[in-house]
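Contents: one structure, followed by commentary.
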Amino acid sequence: MKPDFICIGAQKAGTSWLYERLSEHPAFSMLPVKELHYFDRSTEYQTLDFLAKTRLIDRLKEPKYAARAVKRILRSRDRQEARWWARFYFSNYSDRWYKSLFARTTGLTGDITPGYAILESEDVTRLHAVAPDAKIVLMLRNPIDRAWSMFRFMAKRGGPTDLNDYSLFQAFVTAPAQTLRSDYIRTIDLYRKHFDSSAMLIGFYDAIAEQPGTLFSAITRYLGADEAGDTINLRQVTNRSLQADMPHAHHAFLIEMYRGVVEELADRYGGYAARWAASISGPTDEGTGSASLPTPVTYA
């Protein structure tokens, strides 16, 4: 039953890299769009809500909706993709519609929507009811680095104009839309109530730079595919944020904000999470001086 897997986050933790690399793998048939945002479509979530209006007739009343949809359809690479976009835009949204988006895929496929990390319990219940056999993937990044990366990414998209403005930064990272996205323990524990631990893989963003082949092979094996050899550009950077050093005050604020989360992750999973803890609390047995690289994935 498709989707075969759902990647639930985290934001700015390598999910775009994963989508692009899986799209290059011959065993996968990824959808034309990375993020479907179906289960977080309620306007109560501080995330994209372009699926919020269930009925097509209501969306057609929006200015330029039809023109925007037709424009996207016309940019399709082939007839099959055009039909997919037509179904995406010109349908009433329902669980049946969601599953139909995967119907004509011939390989392994999934939904990679980082917004699912902030779902409430009732929507995780619904996700499980729609895709009970889907394997769950969660990409994690040091929450301190994730928050700073997202702040820079929003600046790139026309958000905060001064990355050094402490007040703007503090307001951004303490907003619920951001604090929930870095509350990894909440996300893991909530999904574990619905999905077996063997059906939830945690991958670490750090491994994309240090050991991308090992990370990608672990993920594809978990999802049921073989390694792809040299056909995939694992070093390709995807969805880069603006480049800027984090001011000391910003860093100090994030350390105190996320110290508890980082330390609990280190206790649970060690490896890269232990590195994160070492960077804010001093050396550990698995600190950055270790000769061997940490395991790139674990299971929650």
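We find that Asp189 and Arg268 are joined by a salt bridge, their nearest charged nitrogen and carboxylate oxygen being less than 4.0 Å apart.
Atom CZ of Phe39 sits about 15.0 Å away from atom CD1 of Ile118, to the nearest 0.5 Å. Taken to the nearest 0.5 Å, the OG1 atom of Thr54 stands 8.0 Å off from the CG atom of Asn92. Within the model, atoms CG of Leu138 and CD1 of Ile202 stand 5.5 Å from one another, a figure rounded to the nearest 0.5 Å. Taken to the nearest 0.5 Å, the CZ atom of Arg141 stands 14.0 Å off from the CZ atom of Phe204.
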(request) Please assess Arg126 against Glu122 for the test salt bridge (charged side-chain N to carboxylate O under 4.0 Å, His left out), listing each intermediate value before the final yes or no. (result) CA-CA 6 Å; Arg126 182 155 165 253; Glu122 59 268 24; over 6 Å; no

(request) Walk me through it: do Asp206 and Trp276 pass the test side-chain hydrogen bond (donor to acceptor under 3.5 Å, both in side chains)? (result) CA-CA 10 Å; Asp206 314 57; Trp276 305 342; 3.2 Å; yes

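Between Tyr93 and Phe88, the ring planes are tilted. Angles from 30° to 60° get that label.
Residues Lys135 and Leu201 fail the side-chain proximity criterion, which asks for heavy atoms closer than 4.5 Å. At least one side-chain heavy atom of Ile144 sits less than 4.5 Å from a side-chain heavy atom of Ile280. Contact check for Thr113 versus Asp40: side-chain heavy atoms found under the 4.5 Å cut-off. Contact check for Asn142 versus Tyr272: no side-chain heavy atoms found under the 4.5 Å cut-off. Counting only heavy atoms from C-beta outward, the side chains of Leu223 and Ile219 approach each other to under 4.5 Å. Contact of the Arg41 side chain with the Leu36 side chain is not registered, since no non-hydrogen atoms from C-beta on lie closer than 4.5 Å. Taking 4.5 Å as the limit, every side-chain heavy atom of Gln178 sits out of range of all side-chain heavy atoms of Thr174.
In plain terms, the two heavy atoms of Ala300 and Ile188 that are nearest each other are CB-CG2, 3.6 Å. Nearest heavy atoms, Ser29 versus Thr109: O-OG1, 2.7 Å. Between Phe28 and Thr220, the shortest heavy-atom contact is CE1-CG2, 4.1 Å. When all heavy atoms of Leu18 and Cys7 are compared, the pair lying nearest together is CD2-SG, 4.3 Å. Considering all non-hydrogen atoms of both residues, Tyr258 and Thr179 come closest at OH-CA, 4.0 Å. When all heavy atoms of Phe90 and Ala69 are compared, the closest pair comes out as CZ-CB, 3.6 Å.
The side chain to side chain contact (heavy atoms under 4.5 Å, CB included) test with Tyr98 is passed by exactly one of Leu127, Asp111, Leu51: Asp111. Residue Met200 forms a side chain to side chain contact (heavy atoms under 4.5 Å, CB included) with just one option from Val137, Ile8, Thr298, and that option is Ile8.
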Return all side-chain donor-acceptor pairs below 3.5 angstrom for residues 245-254, not counting sequence neighbours, or 'none' if the list is empty.
residue : atom : partner : partner atom : Å
His250  : NE2  : Leu163  : O            : 2.9

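In this structure, Tyr222 has no side-chain hydrogen bond (donor to acceptor under 3.5 Å, both in side chains) partners at least two apart in sequence or on a different chain.
Counting non-hydrogen atoms of other residues, nucleotides and ligands closer than 6.0 Å to CG of Leu74 gives a total above 12.
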